[in-house]
Amino acid sequence: MQIIRNPLEWQQQTSTHRQAGRSIGFVPTMGALHEGHLSLIHQSKQENDITCTSIFVNPAQFDNPEDLENYPVTWDDDIVALEAAGLDMLLYPAQGSMYPDNYTYKVVEQELSREFCGEFRSGHFDGVLTVVTKLLNLTHADRAYFGEKDWQQLVLLRRMAEAFFMETDIVPCPTVRADSGLALSSRNENLTPDERRIAPWLYKIISSEMTVAEMRETLEGKGFRVEYLKEFEDRESKKRLLAAVYLGNVRLIDNVER
Ligand code: AMP
């Protein structure tokens, strides 16, 4: 597995593969890898000649410096998992190298990005859309893989790729869950043992037959602080119920078909 720290070198290497006629699948991540990330990599390996991943904890998408500081880092384990998954190339950008402009240029979406998570995490999706644009420009990927766990992000990225005539297909991948139903997330690492016992109720409750009002009440009864619990409808897919909740300081999101 090749590990590249310089974005321009990465761009050159991926371009060489593309010119040689090899298809490229790309899986951007923020590290602290789990089976959810690895499922994206496995899918990419089935559909492409070369599979690349990036590990970059993107400061531009954090609205809260404490949240950025507490974001889990498990570098050594990540490398072992990526090697075992048979990854070809890893971009691990050197400090500052992704923002030579100091983030004076941004990709901004003005409607959906202000709702749901965007209502509570100001500037979050500007950061996501900007970094994914940079990564796609660097990678020459035929396909880029994103998890349905981050449903709003996936919709925004799919629409962005369409809006800017991007050449990379945005491929949605199903949410990977623990046996308890809890959606795997890097942030689960920060749950206390007690919170870990409560967390699986999120999926149990939002996938139940209750009304949204009953779900909210039940979640609060279990000890969750509900940030939002709201239905989302778009042209491209069936109605979804999107949820963001807190357990202590840990923010969890999930979504289900409705
Ligand atoms: P992150 O490292 O959290 O930015 O996630 C990187 C990619 O992995 C994103 O496309 C996520 O949607 C996806 N992902 C994270 N957790 C899961 C999961 N449990 N199942 C499927 N995909 C996931």
Side-chain angles (χ1 to χ4, degrees), residues 25-47 51-64 67-68 70-75 77-79 81-82 85 87 90-93 98 116-117 121 124-136 139 141 143-161 168-191 196 199-200 202-203 206-207 232 237 240 242-245 250-257:
F26 179 45
V27 181
T29 80
M30 299 205 298
L33 302 180
H34 50 65
E35 287 299 325
H37 298 113
L38 297 177
S39 73
L40 273 51
I41 291 173
H42 294 316
Q43 188 168 338
S44 170
K45 281 189 64 82
Q46 280 170 9
E47 298 175 355
T51 291
C52 326
T53 287
S54 56
I55 293 185
F56 178 55
V57 183
N58 174 33
Q61 73 189 65
F62 285 81
D63 54 332
N64 172 352
D67 190 24
L68 174 60
N70 293 332
Y71 199 83
V73 176
T74 58
W75 173 256
D77 291 348
D78 289 357
I79 296 304
L82 293 173
L87 188 81
L90 172 65
L91 172 65
Y92 176 54
M98 289 298 288
F116 298 93
C117 288
R121 303 185 69 192
H124 168 67
F125 287 115
D126 299 355
V128 171
L129 298 180
T130 303
V131 82
V132 172
T133 299
K134 287 171 186 258
L135 290 167
L136 294 182
T139 305
R143 297 171 197 86
Y145 296 81
F146 295 91
E148 290 183 346
K149 197 204 121 222
D150 299 279
W151 189 266
Q152 187 182 8
Q153 168 174 287
L154 179 60
V155 171
L156 283 163
L157 290 171
R158 191 179 58 209
R159 291 182 183 174
M160 177 182 78
T168 305
D169 280 345
I170 304 296
V171 184
C173 303
T175 302
V176 177
R177 300 178 181 281
D179 292 341
S180 65
L182 177 65
L184 299 187
S185 164
S186 307
R187 291 173 187 275
N188 295 350
E189 306 248 339
N190 290 343
L191 294 168
R196 258 172 203 275
L202 173 59
Y203 178 63
I206 66 171
S207 54
F232 173 73
S237 50
R240 303 291 293 188
L242 274 54
V245 300
V250 180
R251 186 172 183 275
L252 302 174
I253 60 171
D254 203 349
N255 65 87
V256 292
E257 195 176 301

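Order of listing sets the numbers, starting from 1, for every ligand and every atom in it. This one's a predicted model, so the numbers in the text were calculated from it and none came from an experiment. Just so it is clear, the values below take in all heavy atoms, side chains as well, and ignore hydrogens, waters and symmetry mates.
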Check whether any side-chain heavy atom of Asp150 sits under 4.5 Å from a side-chain heavy atom of Ile253, and report yes or no.
yes
Which is it for His34 and ligand 1 at heavy atoms under 4.0 Å: side chain, backbone, both or neither?
side chain
Return the OG1 to CG distance between Thr29 and Asn58, rounded to the nearest 0.5 Å.
11.5 Å
Is there a heavy atom of Arg177 sitting under 4.0 angstrom from any atom of ligand 1?
no
Once you restrict to heavy atoms under 4.0 Å, what part of Val27 touches ligand 1? Side chain, backbone, both or neither.
neither
Classify the contact between Pro28 and ligand 1 as side chain, backbone, both or neither, using a heavy-atom distance cut-off of under 4.0 Å.
backbone
Looking only at heavy atoms, is any part of Pro174 under 4.0 Å from ligand 1, and if so is it the side chain, the backbone, or both, or is it neither?
backbone
Rounded to the nearest 0.5 Å, the NE2 atom of His42 sits from the NE2 atom of His37 at a distance of 12.5 Å
Inter-residue atom distance Phe56.CZ - Lys134.NZ, 0.5 Å rounding
8.5 Å
With a cut-off of 4.0 Å, which atoms of ligand 1 are near a heavy atom of Gly147?
9 (C), 10 (O), 11 (C), 12 (O), 13 (C), 22 (N)
Any side-chain heavy-atom pair of Met30 and Tyr71 under 4.5 Å
yes
With a 4.0 Å heavy-atom cut-off (strictly under), which part of Lys149 contacts ligand 1: side chain, backbone, both or neither?
side chain
